[in-house]
Amino acid sequence: MSTDVAASILFGDLRDAYDKQHMRVDTLRTAAGKLEAQFLVSVRDRATRRNSSVSEKERQAHDELRRLLNQTRQRLAEELQHLQWIRRRHNMAIINRKAHNRFLSDMDDKVARAERTLSLLTTTFLANTEAVKANISLVLDTVLSQNLFAYIDATGVSVETAKRYTSAVQKWQARINSLVTGKTSETRMAGVLLVKHTALQSPQLLSENVAKWTTSLLGVLGKAEVMPVLIATLQTLLAFIDAVRDVPMFYRDIISAQVPRMNQAILAMVDKNPDLMSQVLEVLDRSATWFPTLFRPSIDKAEALCLRLLDGSDMRNSPELCEQAAKCLAALSLAGGKITAEERWFQCAQQAMGTIQQCIDHMMCTGSDAGEPAQQFALPLLADDFAVSIPQAADRISAMTEVLIALLTQPTHVDIPVPVDGILGIASRLAMVPVRAGSSKNARSEYDLIPLLTPQIQRASIRIMAVLAIALGSHMQPYLSAVARAVTAINTRQVVSPALNVALHCLLQLYIERYGYGFVMHLPYDLVVSTADDICVQQKTKAAKVTMTASESAPSSKKRGGNGKSRGPNTFGVIESAQATHIHWDDTVLAALKAVLALLQHTPTVFTSALRTRVDSQVLTLLMLFAIGGMEMPFASRQSDAPHRALLYRCLEASILSPDPWQKAILPHAVSAFSAGLADPSTAVRDVCAEALVTIDPIIHSRLPAQLREPDTKENFSNENQVSWMMSDCDNTSIDAVLSGVQADNQSDDEDDKKMQVADEPVVEEVKRFKQDTIVPPVVKKSTVVPVVEAREYNKPLHNQTSQQSAALPPQQPTTSLFNTPAPPAQTSAAEVSDNNDDDDIPDIVMEGSDSEYE
C-alpha cells in the first residue's frame, strides 16, 4: 500500500468518525431538550398543588426525570469533548495531507527531472564515439553539478516515476561500462572518469558494481595506454580501495582478491611508463600502509624501485619525487615480512645512517671509525673522479636524510625503539664536515668543492635535528647539549648562505619554544648575539635627486628687469633626499625575528642589558620609520612587508611583557608605535597592535589588587559593637564623650574621675603654674565656662596678668584622651630649674642675644 493511499484511508476514517460523533451529539441535545421540557412541566404542576395532594408515584416520576436529565447532560458534555478531539485530528489530517501532497509533487518533479537528464545524457551526448569526444566535458559538468544518483530507493515517489528513473540509471550503468572497455583512448578516458564520479555520488551503485569496475580498471592498466588514461585509472582505483577498505563485506571479494593483483600490475607498469612514477609511488604508499599483510609479496620490488630513486641522481632535478620515494620506503618498513615490523624499521634506519656515514668518509677520504663496516643500502658505487663523486655524495646524503625524516614521522602501530644517539651523531658529523675540511692539512683540490656544498650538507643536519625534536618531544632532553654543539658548529658561517641562515634560525626557534632554558643554557652567548644582529635590515641607498621648478629656463638666457639689473633664470633646485634609503626585507630577517621573539617569550633573561637595549632600539627604529614613511621613504606601505611588521610588533610586545630591570623605559615609545600600527593597511598588523594595547593597558594604568582582611577577633567585634552602640545614642552623648569612651551618666566613671582628680592635684597645680608663666590659654573642659580674655589684657605686665589669671581660674583637671598617652613632664622656667633643682639633667635654654649667651 502506497503512502498516499494510506493517508486517504486515514483521512476518510477521521471524516466518518467526525460525522457519526456529530450525529450522536445532536441526538443527545434533542433528548436533553425534551427532558428539560418535561421536568419544567412537572415542577410547575407541583408548584400549583399542595404537597399533601402529590402522590408517591408522582414524586418517583419527578425524581426519575431529574436523574435522567442530569445523566443526559453529563453524557452530552463527554460527547462534545470527544467531538472536539476528533475535529482537531481531522483538521491536522487536512493540513498533513496538503503538505504530503505538496512533498509528493516536489519529489516526483525532482526524480522526473533526474530521469530526463540521465536519459538525455545517455541517448544523445554519449550516443557514439564522436558524441563522447565532443560532449565529455559537458557531461562531467552536469554529473558534478546535479545530484542525479541521489534518488535510488527514495521514498515518497510515485510508482511510475520510480520505474522510469530505475530504467534510466540502468541504461547509464550499461553505457559507462561499455565506455571503459571502448576501442579508443577518448572513450576509455570518459568511461573511467564517469565511473569514478558515479561511484562517489552513489554508495549503493558502488557497492553493487565495485567488483566489476575494479576488474575493468585493472584491465586498462595492462594495456598500452596514453598517460592521461593511466593516471585517471590509478586515481579511480585508489578512490575505490579507500572507499571499501573499512567495509568487512568487501574484504574477501575486493580487497583480498584485487589488491595483490593491483600491486603487481602497478609495479610492472612502471618500467614501461617512467613518467607515472609519482602516481605509482602514491598508490604503493597507500597500499602498504592500509594492507601491510597483502603487500608482502611485492615488498622487494617496491623497495628496489624506491632505492633506485634515492641514489642521489634525481635529488636536484626531482626533489619531490625523492621525498615520495622516501615516504614509500618508510611505509614498506612497517609491512614486515620475514622479520617483524620493529626489526625492519630499525634495519632501515641503520642502513640510512650507514649510507650517510659512507658518503662523509668518501668526502673526507677517511675510513669508518668502527672496525666493522656499517649497514648500507644496496646503492650504486660513487664515481672514481672526486670532482664528480663529492657532489654525488652530497646528493645521496640529502636523499638519505629524507629517508630518516620519513621513518621518524611515519605513524606506526607498534612501539619502535629509536636510535637517538646514532641519528644525532650523524647530524653532528654532517655539521662538522666543513670545519673538518677547513682544518685538514691535505692540500687536495677536491676540498674546494666542500665549501660550495656546505649549505646543502648542513641543511641536512638541521633537518635531522628538527625532526628529532618534533618526533621525540621531551625525550630529547638528555641530548640538548649535543644539539647545541652542532648548532654552534653550523653558526661558524664559513660560507654566506641565506638559505642556511634561515634554516638555522628556524631550528633555534623550534628548540627554544619546545625546551626553553634547557636548550639555551647550552648555547654560547655569541650565537645569541649573532641571532640578534641578523634582525638588522639591509639598507640600499641611491643618489640624490634634484627637482627643478616648472619655471625653469635655459641657463644662458638672461633678462633685464625694469630697474636695469640683469637677473638669472627663475629656477630653484630642490634636493628631495640626499640619501634615499630603502629597506630591503629578506627571509633571513624574518627567520631571525621569529628566533628573537622566541627568546623574548621563553628565555628573556638570556639577553644582557646592552644587547636587550640594542634589540629594542632596532625594533623601535624600524617601526618608527614605517610610521613616518611615504612612497619614497622606507616601508612604502607594501603589503609584502606585513609579516615582517607583525613580527616587529610582536617582538616589541614580548619585550614589554618581560622587561629587563636595567634597560631603559620603552613603554611610551611602544604605546606610540602600537597606536600608529592601528592605521596599518594590513589586517594582521592591526590585530596584533590592538591585542598588544589591550595587553599593556594594565601596565600603563595599574590597579591595586583586592585587599584581603584578616579574620576579626572577638575583641574587634566587641569594640565595633560598642562604638556602633555609642554612635547610635548620639543624642545623649557628645562626640567627645564617644571618642573618649566616657559616659556622662555613668556613676562609676564619675567616682573614678574624682579619685584621679585627688591623686593628680599636685600635677594640676604644677601645670597651672606652668601655663600662667608661659601665657598660654588654659585647656578647659566642656562642662566649664571658658572665660573671655580681651586682647588688651595680654599686653599688660607679666606679674599683673599672672595674678589676674590665678585669681580668676580655679584649678582644672586635664582632659583624658581615647589613647592612654603619658602626661608631658612639668616644665618650669630656667631660673626655677637652676634654683630648685641643680642636679636636674634638663639643659638650660639660652635665647639668642640674651645676657646668658655671653656668660
Run the numbers on Trp213 and Val180 for side chain to side chain contact (heavy atoms under 4.5 Å, CB included), then give the verdict.
CA-CA 9 Å; Trp213 287 343; Val180 172; 5.9 Å; no

Could you go through Thr236 and Thr233, starting from their C-alpha distance and side-chain angles, then the distance that decides it, and tell me whether this counts as side chain to side chain donor-acceptor pair (under 3.5 Å)?
CA-CA 5 Å; Thr236 305; Thr233 304; over 6 Å; no

Pair Trp172-Leu148, side chain to side chain contact (heavy atoms under 4.5 Å, CB included): steps then yes or no
CA-CA 11 Å; Trp172 173 267; Leu148 300 177; over 6 Å; no

Please test Arg188 against Leu179 for side chain to side chain contact (heavy atoms under 4.5 Å, CB included), starting from the C-alpha separation and ending with a verdict.
CA-CA 5 Å; Arg188 289 192 292 270; Leu179 290 176; over 6 Å; no

Set out, in order, the CA-CA distance, both residues' side-chain angles and the distance that settles side chain to side chain contact (heavy atoms under 4.5 Å, CB included) for Leu221 and Leu234, then state yes or no.
CA-CA 8 Å; Leu221 291 180; Leu234 289 175; 4.0 Å; yes

Any chance you could lay out the side chain to side chain donor-acceptor pair (under 3.5 Å) test for Arg686 and Thr683, step after step, and finish with the verdict?
CA-CA 5 Å; Arg686 293 197 300 269; Thr683 306; 3.2 Å; yes

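Heavy atoms only, all atoms of each residue included: Phe674 and Cys689 are closest at O-CB, 3.6 Å. The two residues Thr187 and Lys183 have their closest heavy-atom pair at OG1-N, 3.9 Å. Nearest heavy-atom pair across Phe149 and Leu205 is CD2-CD1, 3.9 Å. Arg175 approaches Ala127 most closely through the heavy-atom pair NH2-O, 3.5 Å. In terms of heavy atoms, Val229 sits closest to Ser185 at CG2-O, 3.8 Å. Ala199 and Leu206 get closest at one heavy-atom pair: CB-CD1, 3.6 Å.
Taking 4.0 Å as the cut-off between side-chain N and carboxylate O, Arg286 and Asp242 do not count as a salt-bridged pair.
Ser119 and Glu115 are linked by a side-chain donor-acceptor pair at a separation below 3.5 angstrom, with hydrogens and angles left out of the test.
With hydrogens and angles ignored, the 3.5 Å screen pairs a side-chain donor or acceptor of Asn128 with a backbone N or O of Ala131. Within the 3.5 Å criterion, the main-chain N or O of Lys212 finds a donor-acceptor partner in the side chain of Ser216. Between the side chain of Ser202 and the main chain of Thr198, no donor-acceptor pair closer than 3.5 Å is present.
Heavy-atom neighbours of Gln71 CD from other residues, nucleotides or ligands within 6.0 Å: at or below the threshold of 12. Within a 6.0 Å sphere centred on CZ of Arg75, other residues, nucleotides and ligands contribute 12 heavy atoms or fewer. Around atom CD of Gln81, no more than 12 heavy atoms belonging to other residues, nucleotides or ligands sit under 6.0 Å away.
One finds the CD atom of Gln146 at 9.0 Å from the CG atom of Leu118 (value rounded to the nearest 0.5 Å). Rounded to the nearest 0.5 Å, atoms CD (Gln38) and NE2 (His62) are 12.5 Å apart. Distance check, rounded to the nearest 0.5 Å: OG1 of Thr72 to CD of Glu36 gives 9.5 Å. From Leu237, atom CG reaches atom CG of Leu217 across 4.5 Å, with rounding to the nearest 0.5 Å. Remark: Arg261 CZ to Thr214 OG1 distance equals 9.5 Å, nearest 0.5 Å. Taking CD of Glu282 as the reference point, atom NZ of Lys327 lies at 10.0 Å (rounded to 0.5 Å).
Residues Thr161 and Tyr151 are not in side-chain contact: their nearest non-hydrogen atoms beyond the backbone lie 4.5 Å or more apart. Taking 4.5 Å as the limit, some side-chain heavy atom of Leu334 sits within range of a side-chain heavy atom of Ile416. Looking at heavy atoms from C-beta onward, Arg29 lies in side-chain contact with Asp26 at the 4.5 angstrom threshold. Considering only heavy atoms from C-beta on, Phe295 comes within 4.5 Å of Leu284 through its side chain. Within the 4.5 Å cutoff, no side-chain heavy atoms of Arg645 are placed close to those of Val688. The closest side-chain heavy-atom distance from Thr215 to Gln258 is below 4.5 Å. By the 4.5 Å heavy-atom criterion applied to side chains, Thr129 and Glu186 are not counted as neighbours. With contacts defined as side-chain heavy-atom distances shorter than 4.5 Å, the pair Leu678/Leu693 qualifies.
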Could you give the side-chain donor-acceptor pairs of residues 287-294 under 3.5 Å, partners two or more places apart or in another chain?
residue, atom, partner, partner atom, Å
Ser287, OG, Asn263, OD1, 3.0
Ser287, OG, Asn263, ND2, 3.4
Thr289, OG1, Asp285, O, 2.8
Thr289, OG1, Asp285, OD1, 3.4

